[in-house]
Asks: 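Sending over a structure as structure tokens; questions will come in a sec.
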Number of protein chains: 2
Amino acid sequence: MDRTRIASLYATPEAFSGVEVTCAGWIRSVRDMKNFGFVTLNDGSCFKDLQVVMNRDQLACYDQIAAQNVGAALIVVGKLELTPDRPQPFELQALSIEVKGESSPDYPMQKKRASREFLRTQQHLRSRTNLFRAVFRVRSVAAFAIHEFFQTRGFVYVHTPIITASDAEGAGEMFRVTTLDVSNPPRLEDGSVDWSQDFFGKATNLTVSGQLQAENFALSFGDVYTFGPTFRAEDSNTRRHAAEFWMVEPEMAFADLNDDMVCAEELLKYVISSVMTTCPDELDMLTKFVDKGLLERLKHVATSDFARVSYTEAIQILEKAVQDGQHFEYPVSWGVDLQTEHERFLTEKHFGKPTFVTDYPAAIKAFYMRLNDDGKTVAAADCLVPGIGEIIGGSQREERLEVLEQRIRDLNMDPEEYRYYCDLRRYGSCRHAGFGLGFERLVMYLTGVDNIRDVLPHPRTVGNADF
Amino acid sequence: MDRTRIASLYATPEAFSGVEVTCAGWIRSVRDMKNFGFVTLNDGSCFKDLQVVMNRDQLACYDQIAAQNVGAALIVVGKLELTPDRPQPFELQALSIEVKGESSPDYPMQKKRASREFLRTQQHLRSRTNLFRAVFRVRSVAAFAIHEFFQTRGFVYVHTPIITASDAEGAGEMFRVTTLDVSNPPRLEDGSVDWSQDFFGKATNLTVSGQLQAENFALSFGDVYTFGPTFRAEDSNTRRHAAEFWMVEPEMAFADLNDDMVCAEELLKYVISSVMTTCPDELDMLTKFVDKGLLERLKHVATSDFARVSYTEAIQILEKAVQDGQHFEYPVSWGVDLQTEHERFLTEKHFGKPTFVTDYPAAIKAFYMRLNDDGKTVAAADCLVPGIGEIIGGSQREERLEVLEQRIRDLNMDPEEYRYYCDLRRYGSCRHAGFGLGFERLVMYLTGVDNIRDVLPHPRTVGNADF
């Protein structure tokens, strides 16, 4: 079957004027006006539908088609007619229509608006609605833009491992991965589980970050990035947390914290521009029905400089705000970790644009971040964006072997577990930096959708692993 | 630091002729000729090294640099001089050199060739060798080429879930994912593990394939693909099996088995051409030191049509070969699954090029493959390539609800578990097809490397989850 995508028709309608084409897709609506009728067809190749016109006199199957339910799959052969005077730029005058797969009146994706909660129970069908059609295309276009950004800049894409025997930075609760019989695991003499009999010869978990392994490759290739799934077994049932999510982690040799922030800002702007260019119809719909300020905000961010403020200054701003009557649930003082309410105040109210907060207290940040000369803060930079809070967490890494080893000892971590990591500081160490971008938070930011469950194809959260 | 990548110098040497540039990288070798010396520097931006020339008279730190060990990190400021009469097209005349990180004589990546087995114990450093520098850049370039291929054709990239409650097609042993205390799990009255108390409220595993979920999105978007990690807990310690590997799975609505094979062939050719264009130095090295026939084979495949043969004909070819004296370890007759030795005979000896074998017996293939009209074979197509065997497994999917449900019952599978999957046949079903490409096998094919452990950044195999 020589099939024409509806996207191709919209790309160059003039080229198809008067031409006979075959389109295949699904019915979004059918209207029977007795002597003629309309089928709105979508084939998923673009956001827009194709208007198919049926003339009873010329179409033997008119009644069969007019009786079809929403969701049925059709193959339509027709002649394209430009319609400059109508709302849609062209129509397809049907010559023949074949029903490939019927639908039924109980089809759950009817035209009337269903709640997002209901649609979460229909994850296998919800991408047929306007909302999810838009969200998942934006997700795909954003993912490709990320690859494009890094590859055209010479970064090497590294698939860091998903299964890991290390507990990384102790960044959060982890999922255990095992082939042992959980109902009757092999045991040591003291009764504890004998993990040496597990598949990998030791206890393993799902990764929480590919950063430490990405550093191995940054110190060979200079510039690398990861883009893969990461996992947190946190029992937090919020709009922003999923147990399985995708993360982008670039790592750059001979780069400092400033280079890191420059890269992060350029990446976000690149992805936003790319989505604005590729998905105008999707962004229009999202702006109309999901988040009125979306398009304006994206335009603003793509063209303005991000704010930068040190953690110490940020605390002063927040303390001043409290004095001026701003209420926060969590108290603010130098040394505390910023809560989402604080982050959103800074980026939404105080700066009104994406904001890097830099140089956090060492005590609230990970062991691998480079100690500043003040001895109490580290060269970290989190990027906060309006509506979301933290979307990027980055840092310059500690490249000095003795400082790193001291920090590992101070935190009572096992130096042997970080031997390879320390080797990078033993053989040709250099300044380097990187960051982690939570991909779902980025998609939420790009679409205005406020629940992480609605930007993941099949979300995994506490109590939910359906589909 | 305004740093110039060595790749940029090689891209347009003339533009840098006589220009002062700053390069940062790692020492691959140092030669001290008393009054002048040479440092070979690599910064990972390209396969080639930069030749740095040191003149004792003009470089205060001459002795310090000449005494450095292989692997040390340097920042070199120098003037680029074109050298059309020498083996390398240009040299950098050093004006100043700064040591950022020393190395030591016990640096494991010395210039002498280390065995691949030894290098597998040094996964954090092995990407600094020529072999792994080549392999992992080819891997990255191939991954991007795959995204490019699909995105420029309008496919939507779908992140199918890694953690799953289904056992997919029963395609192989799975890894259990749990947050239960394995040493003391909660139990039901009958003593079995109470999985309802696990993180997701039920027992979950790591996915073996994203195909079934990809179909959800193909029947909305038309053309989609996945590219993510998949897992098999098989206790097979071979050169071709890893417990964690990446898979590419396109899925196309309104496509049949022929469309599927056309797509697979175009994809392979696209990736090969892309790697040949982007990585000529890497392929040269791999052809010289790993697989003498590599470059010629890739060129041949990129420009010739793939062979196609039905399973039934393939069996006849193999039976004929046995009659003519060919020895196989496993016997051949209609109904048996093809072993790697059979696959390699077909693609290497009989056809001498990549070969699709189609229409396998239903009994040896998965439940979702479309039953052919003969009632005993299915519309499957495996692509076999010389040196590897099967690299792609694809099929047209069973789109007829009653045939699919019958097959599920025949195989004693639980229809309730496939309710969502059957829904796709209930509401607007249509012909569709897809395939799975094992990404590591592709990288092996592209590099001539014959062990999967050497194409994965940090391989996970039975007994091994280091790094």
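In the text below, chain A, chain B and the rest are named by the order of the sequence lines, each starting its count at 1.
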Asks: Quick one: which of Tyr421(B), Phe227(B), Tyr420(B) has the most heavy-atom pairs under 4.5 Å with chain A, could you say?
Replies: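 Of the candidates given, the most pairs with chain A belong to Tyr420(B).
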Asks: Counting heavy-atom pairs under 4.5 Å with chain B, which one of Gly154(A), Ala7(A), Gly25(A) comes out on top?
Replies: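 Between Gly154(A), Ala7(A), Gly25(A), the count favours Gly25(A).
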Asks: To the nearest 0.5 Å, tell me how far Asn205(B) CG sits from Thr179(A) OG1.
Replies: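 With rounding to 0.5 Å, CG (Asn205(B)) is 11.5 Å from OG1 (Thr179(A)).
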Asks: Given heavy-atom pairs under 4.5 angstrom as the criterion, report whether the side chain, backbone, both or neither of Arg128(B) touches chain A.
Replies: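 Answer is both: backbone and side chain atoms of Arg128(B) are under 4.5 Å from chain A.
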Asks: Give me the atom names and distance for the closest heavy-atom approach of His124(A) to Leu424(B).
Replies: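 Closest heavy-atom pair between His124(A) and Leu424(B): O-CD2, 3.9 Å.
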Asks: If you count heavy-atom pairs under 4.5 Å with chain B, which of Pro459(A), Ala243(A), Ala143(A), Gly463(A) comes out on top?
Replies: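 Most heavy-atom pairs under 4.5 Å with chain B: Gly463(A).
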Asks: Give the minimum heavy-atom separation between Thr204(A) and Ala465(B), together with the two atoms involved.
Replies: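 Thr204(A) and Ala465(B) have their closest heavy atoms at CG2-CB, 4.0 Å.
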Asks: Taking the side chain as every heavy atom from C-beta outward, state whether Thr178(A) and Val177(B) have any atom pair closer than 4.5 Å.
Replies: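 No; the side chains remain at least 4.5 Å from each other.
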Asks: Checking heavy atoms, do the side chain of Glu148(B), its backbone, both or neither come under 4.5 Å from chain A?
Replies: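 Interface part for Glu148(B): both.
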Asks: Non-hydrogen atoms of chain A under 4.5 Å away: do they reach the side chain of Pro229(B), the backbone, both or neither?
Replies: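 For Pro229(B), the side chain is the part near chain A, not the backbone.
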Asks: At a 4.5 Å cut-off on heavy atoms, which part of Ile75(B) comes close to chain A: side chain, backbone, both, or neither?
Replies: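 The side chain, not the backbone.
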Asks: Between Asp181(B) and Arg176(A), is there a salt bridge with N-O shorter than 4.0 Å?
Replies: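 So Arg176(A) does not pair with Asp181(B) through a salt bridge.
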Asks: Heavy-atom count around Asp2(B) CG within 6.0 Å, excluding the residue itself: above 12?
Replies: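 At most 12 heavy atoms, drawn from other residues, nucleotides or ligands, come within 6.0 Å of this atom.
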Asks: At a heavy-atom separation under 4.5 Å, does Leu206(A) approach chain B through its side chain, its backbone, both, or neither?
Replies: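 Looking at Leu206(A), just its side chain touches chain B.
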Asks: Which heavy-atom pair separates Cys430(A) from Lys100(B) by the least distance, and what is that distance?
Replies: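 That closest heavy-atom pairing would be CB-CB, 4.4 Å.
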Asks: Ring centroid separation for Phe132(B) and Phe221(A), is it under 6.0 angstrom?
Replies: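 Ring-ring flag for Phe132(B)/Phe221(A): false, centres at least 6.0 Å apart.
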Asks: What verdict does the salt bridge (charged side-chain N to carboxylate O under 4.0 Å, His left out) test give for Arg426(B) and Asp106(A), after you've listed the backbone C-alpha separation in whole Å, the side-chain angles of each residue and the deciding distance to 0.1 Å?
Replies: CA-CA 10 Å; Arg426(B) 218 165 262 133; Asp106(A) 69 356; over 6 Å; no
Asks: His458(A): which residues meet the ring pair (Phe, Tyr, Trp, His ring centres under 6.0 Å) condition with it, sequence neighbours left out?
Replies: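 Residues passing ring pair (Phe, Tyr, Trp, His ring centres under 6.0 Å) with His458(A): Phe467(A), Phe217(B).
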Asks: Heavy-atom pairs under 4.5 Å with chain B - which of Ile162(A), Val462(A), Val141(A) has more of them than the others?
Replies: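 So the answer, after comparing Ile162(A), Val462(A), Val141(A), is Ile162(A).
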Asks: What part of Thr461(B) lies closer than 4.5 angstrom to a heavy atom of chain A: side chain, backbone, both or neither?
Replies: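 Backbone only.
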Asks: Highest number of heavy-atom pairs under 4.5 Å with chain B: which of Gln123(A), Lys202(A), Gln122(A)?
Replies: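 It is Lys202(A).
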Asks: Between Ala255(B) and chain A, with a heavy-atom cut-off of 4.5 Å, which part of the residue counts as in contact: side chain, backbone, both or neither?
Replies: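 It is neither, since no heavy atom gets under 4.5 Å.
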Asks: Which region of Arg139(A), side chain (C-beta onward) or backbone (N, CA, C, O), has a non-hydrogen atom less than 4.5 Å from a non-hydrogen atom of chain B, or is it both or neither?
Replies: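 Side chain only.
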Asks: Give, as side chain, backbone, both or neither, the part of Arg133(B) having an atom under 4.5 angstrom from any heavy atom of chain A.
Replies: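 Both parts, backbone and side chain.
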Asks: Under a 4.5 Å cutoff for heavy-atom pairs, which residue among Pro161(A), Ser45(A), Pro108(A), Ala73(A) has the most contacts with chain B?
Replies: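 Looking at each of Pro161(A), Ser45(A), Pro108(A), Ala73(A) in turn, Pro161(A) comes out on top.
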Asks: Please name all residues satisfying ring pair (Phe, Tyr, Trp, His ring centres under 6.0 Å) with Phe155(A), sequence neighbours left out, ordered by chain then number.
Replies: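 Checked Phe155(A) against ring pair (Phe, Tyr, Trp, His ring centres under 6.0 Å); matches are Phe150(A).
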Asks: Could you look at Pro185(B) and say if it's the side chain, the backbone, both or neither that has a heavy atom under 4.5 Å from chain A?
Replies: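 Only the side chain of Pro185(B) comes within 4.5 Å of chain A.
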Asks: Would Ser140(A) and Gln151(B) count as having a side-chain donor-acceptor pair, cut-off 3.5 Å?
Replies: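 Result is yes, a qualifying pair exists.
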Asks: Does any backbone or side-chain atom of Arg400(A) lie under 4.5 Å from a heavy atom of chain B? Answer side chain, backbone, both or neither.
Replies: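 No part of it gets close to chain B.
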Asks: Using non-hydrogen atoms only, which part of Asn69(B) is less than 4.5 Å away from chain A: side chain, backbone, both, or neither?
Replies: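 The answer is neither part of Asn69(B).
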Asks: Checking Glu244(B) side chain against Ile163(A) main chain: does a donor-acceptor pair fall under 3.5 Å?
Replies: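 Yes: the side chain of Glu244(B) pairs with the backbone of Ile163(A).
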Asks: Using non-hydrogen atoms and a 4.5 Å limit, figure out which bit of Arg431(B) sits close to chain A: side chain, backbone, both or neither.
Replies: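 When you check distances to chain A, only side chain atoms of Arg431(B) fall under 4.5 Å.
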Asks: What part of Asp223(B) is in contact with chain A, defined as an atom under 4.5 angstrom from a non-hydrogen atom: side chain, backbone, both or neither?
Replies: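 Contact with chain A is through the side chain of Asp223(B) alone.
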Asks: So which residue, Ser127(B), Gly201(B), Gly71(B), Gly222(B), ends up with the most heavy-atom pairs under 4.5 Å with chain A?
Replies: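 Between Ser127(B), Gly201(B), Gly71(B), Gly222(B), the count favours Ser127(B).
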Asks: So which atom in Gly228(A) and which in Trp246(B) form the shortest heavy-atom distance, rounded to 0.1 Å?
Replies: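 That closest heavy-atom pairing would be CA-CH2, 4.3 Å.
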Asks: Using a 4.5 Å cut-off on heavy atoms from C-beta on, say whether the side chain of Tyr427(B) contacts that of Leu125(A).
Replies: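 Yes - at least one pair of side-chain heavy atoms lies under 4.5 Å apart.
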Asks: With the side chain counted from C-beta on, respond yes when Arg187(B) and Ser183(A) share a heavy-atom pair under 4.5 Å apart, and no when they do not.
Replies: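 Yes, their side chains come closer than 4.5 Å.
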Asks: Flag the one option from Leu219(B), Leu401(B), Thr278(B) with the top tally of heavy-atom pairs under 4.5 Å to chain A.
Replies: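 Ranked by contacts with chain A, first place is Leu219(B).
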Asks: Residue by residue, which of residues 191-199 of chain B have a heavy atom closer than 4.5 Å to a heavy atom belonging to chain A?
Replies: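 Within residues 191-199 of chain B, near chain A: Val193(B), Trp195(B), Phe199(B).
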Asks: Going by ring pair (Phe, Tyr, Trp, His ring centres under 6.0 Å), name the residues that satisfy it together with Tyr157(A), two or more places apart in sequence or in a different chain.
Replies: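 Ring pair (Phe, Tyr, Trp, His ring centres under 6.0 Å) list for Tyr157(A), sorted by chain: His147(A), His159(A), Tyr225(A).
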Asks: Would you mind checking which part of Leu180(B) comes under 4.5 Å of any heavy atom in chain A, side chain (CB onward), backbone (N, CA, C, O), both or neither?
Replies: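 When you check distances to chain A, no heavy atom of Leu180(B) falls under 4.5 Å.
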Asks: Is it the side chain or the backbone of Ala72(B) that comes within 4.5 Å of chain A heavy atoms, both, or neither?
Replies: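 Contact with chain A is through the backbone of Ala72(B) alone.
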Asks: Spell out, as yes or no, whether a donor-acceptor pair under 3.5 Å connects the side chain of Trp26(A) to the backbone of Ser220(B).
Replies: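 Side chain of Trp26(A) to backbone of Ser220(B), a donor-acceptor pair under 3.5 Å: no, none is there.
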